[in-house]
Amino acid sequence: MNKLLSVLLAGTVSLFCMGQAQAAFPEKPINVIVAYAPGGTGDISVRMLAKKLESILGQPLVITNKGGGAGVPGFEYVMKARPDGYTISAPATPAFSASIFLRKKAYDLNDMSFVATYMINDRILLARTDRPYKTWEEFKAYIKANPGKVSIGSGASQEAVEVLRSVAIKEGLDVNFVMYKSGGEASADLIGGHIDACELGVGTAGYQAARKGDLNILLNLGAGEVPDFPNLPKLHADLGHPFYTSAPYAFILPKGTPEDIRATWENAIKVALQDPELQNAMLKAGFSPKFMTGEESKAFCQESVNLIPAMLEFNKKAE
Amino acid sequence: MFESLMTALGMVLDWQNFFWSLFGVTFGIIVGAIPGLSDTMAIVLLLPFTYYLGPIPSIAMLMGLSKGGNFGGSIPAILFNIPGTPQAMITTFDGYPLAKQGKSGKALKTALFASVTADTASDLVLIFLAAPVAMVALRIGPPEYSMILFFSLIIISLAASGSPCRGLISTGIGLLLATVGCDPETGTLRFNFGFIELADGISIMPMAIGLLAFSEVLLQAERWYKERNRNRTEAVRLSRPGTDDDRLTPAEMKLCLPTIARSTLIGSFVGIVPGIGTTVGAYLSYIWSRKKSPYPEKFGNGALEGIAASEAGNNAVNGPNLVPLLTLGIPGNLAAALILGGFMIKGLVPGPQFMESNAPMLYALFAVLLISNLYTLIVGGIFVHYARKLTNIPKTVLFSCVMLFSFLGSYVNNSSLFDVAVMFVFGLVGYLFSKLRLSLPTMIVAFFLGSLLEHKIRQSLTISRGDWTIFIDRPIACCFFVLTVFITLFYIVRLTRGRKAARP
């Protein structure tokens, strides 16, 4: 009798708690901190998702752009916030590599609470269609035939340039790497023919031109799928190169956020991504929607964060 | 074609377009007129609204904001010597002296007339010449860019202020400040004094607010302190309604027209090259108009053409700036980047595809641009009528408000307190600059062209493997290089002659 009572009591209490937890979060507007200036891929994708998340969570999402410092200060602002689920960072992950490149300091991924990934921002290598090379193999041969004369641009990813540098070292290619400030600027110079190939994120102007057939895509530098080009060779998976660059755009909460709140968030993102309308809008914009749980996102990020120092070491040795 | 036009007409003739465009223009003028808040910020604030609107009304609102904001900035520039937006800083040169002479009404109306005329002309450039303009824009690669920037910098340092030496010093300081942040090639931090917040360089908004608005507060406070016993302060007189001081006479309008035409040309060219920006357009137009004027000494003391040149020059940038956005999907400036975001959220991807598959929408968009111009004229006219009376606000109250908005404006940009500190530091720098009679506008322009110049020169040299002849190998680049050398020589000759003549 006593046992039964205690079981019943425990059951009621836990039911009560669950009910409370569900009613409790979220009960006020949520701050989403985008650590980049408005208008970029990261900002636009979060805004697309936010609209759907608002209807799932039942609370308005207030998006604040805390730009500057390559996304590091904005990300750290959230990590220092109160871990109650009302301040969340997205797309947080680019800050990981930025911190390594800018100040040689890697984050400990245990110091934060991964919620979920909503898209993978892969880097791809593009070239003009009127060039004599249409594939990665042909491009390699072209570089070998014209040592020192080929310039590859970068739409502002230091990590992607290092990946390409490691490829050049491994394959014995003599190329020039031209850094740009943004994907838009690099796209213009690629389309204008001032550089021979260019590395860009999906969703940039160059990528849109490729979808229309005005540019060729030679290679995927990342590990994800590019929806419009399923047969694109992947540097790591298909060509066996040891390094790659892939940024899963994820929502991240400060360390110490209660698990049920994190799970509410994770589930909301999962449900949001199942919406065909959102899927469609993202694909139309050139983004690659992909859901990964917090655990999966963390493992994915851990792997790419571990790769960077090894890659830098590899590139340094060759110099 | 005809069918597309009819569809477009159907899309345009919707009350929503007219309403949101009006709303955008009005809000834009208000935000633009408040020092520290800019048109870009107005777009950021209202971007979430566009979720709930159709594509054409949302673009109508965003364009209205941008156009209204651009004009709004000239109101405080003329009335209080504080540009509401950075691009209006050239308008202060002649606008404020006119206001002090009791001709604020005339000055504001000149600004409005020049803004709207040049804006409309540059929109026509966008509508009819989008394809050729895009072709030219694509021809401009890193070496061409470098030489165009080099040319602009030389002109601005030598010709802008009375003394080429002070101009060069101002440019030098601007270029030095531009090196703060990140090495563009290796991506490592440099000159950031341990602040990770400076990794992207000094933010231009808080810096401009500090230099232009906050330093003016300091200067005014100093003046007030010095004159407090004399019990009189230099006040801006109100222009009396109905008199010639209050309006723009047809004769003056005619006088300004050639200036506006010239400035539209310069502004449009600046607009083709993405990233150079409205302030440069205004500055170069101003310099050229002064050069062309039969009485250059009047510039800086209240020449109507000075205002016309500045306003026409900065508004003419806007039309062509949209060309790369619509033809290639590449935003030419921050406002265009935000508008691109607005497009993409709506599932529209600007670029070559867009031109072909959404022709009616494109025509509708053009129509909306012209509607916004009309609204700027009407709403701007109403604002000008009432804004003149703002000069009656006691200076102590006015500058307290400016100070408040300086703090607010520098904070909201990145929601960062660090930026408020940046604003404060540059307020002091601006004060020192005024005391040393160095040119603030030259320094600001040099600052934001500086990082672009470094970037483009290093990109060119990477492509050529360190071979400097890349800058004279290509026709466009070579042309600008020769122009730069010619202008520099011209100034050296003039200076040495002037010195010889000064000697007995």
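Chain letters run A, B, ... following the sequence lines, proteins first, then strands; residues in each count from 1.
Contacts between A/K181 and chain B at a heavy-atom distance below 4.5 Å involve backbone atoms as well as side-chain atoms. In this structure, the portion of A/F177 lying under 4.5 Å from any heavy atom of chain B is its backbone and not its side chain. Contact of A/A281 with chain B is not made at all, since no heavy-atom distance falls under 4.5 Å. Neither the backbone nor the side chain of B/R190 comes within less than 4.5 Å of any heavy atom in chain A. For B/S451, the parts lying near chain A are the backbone and the side chain together; criterion is any non-hydrogen pair under 4.5 Å. Using a 4.5 Å cut-off between heavy atoms, A/F287 contacts chain B through its side chain alone, with no backbone atom that close. In this structure, chain B has a heavy atom under 4.5 Å from the side chain of A/T64, while its backbone stays farther away.
Heavy atoms from other residues, nucleotides or ligands lying under 6.0 Å from CZ of B/F424 number 12 at most. Residue B/F481 places its CZ atom among 12 or fewer non-hydrogen atoms of other residues, nucleotides or ligands, all under 6.0 Å distant. Within 6.0 Å of NZ on A/K284 lie no more than 12 heavy atoms contributed by other residues, nucleotides or ligands. Few gaps surround OH on A/Y107; more than 12 heavy atoms of other groups in view lie less than 6.0 Å from it.
Interface summary for chain A: among B/I463, B/D183, B/L461, the most heavy-atom pairs under 4.5 angstrom belong to B/I463. The residue among A/G184, A/G193, A/G286 with the most heavy atom pairs within less than 4.5 Å of chain B is A/G184. Across A/I191, A/T41, A/V161, A/I33, the residue that shares the most heavy-atom pairs under 4.5 angstrom with chain B is A/I191. With chain B as partner, the option from A/T204, A/D174, A/V72, A/I195 having the largest number of non-hydrogen pairs under 4.5 angstrom is A/D174. When each of A/K66, A/M179, A/H194, A/E76 is scored by its heavy-atom pairs under 4.5 Å with chain B, the top score falls to A/H194.
Of all the heavy atoms in B/T188 and A/K104, the pair that sits closest is CG2-NZ, 3.8 Å. Scanning all heavy atoms of the two residues, the minimum distance from B/H455 to A/Y180 falls at NE2-C, 3.6 Å.
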(request) For B/C182 and A/L102, run side-chain contact (heavy atoms from CB on, under 4.5 Å): C-alpha distance rounded to whole Å, both residues' side-chain angles, the deciding distance at 0.1 Å, then the answer. (result) CA-CA 8 Å; B/C182 222; A/L102 282 174; 3.5 Å; yes
(request) Apply side-chain contact (heavy atoms from CB on, under 4.5 Å) to the pair A/E185 and B/K456, showing each step before the final yes or no. (result) CA-CA 11 Å; A/E185 203 192 326; B/K456 292 297 168 190; 2.6 Å; yes
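Note that CD of B/E185 and OG of A/S154 are 11.5 Å apart. Values are rounded to the nearest 0.5 Å.
Heavy-atom proximity under 4.5 angstrom to chain A picks out B/L138, B/R139, B/I140, B/G141, B/P142, B/E144 from residues 137-144 of chain B.
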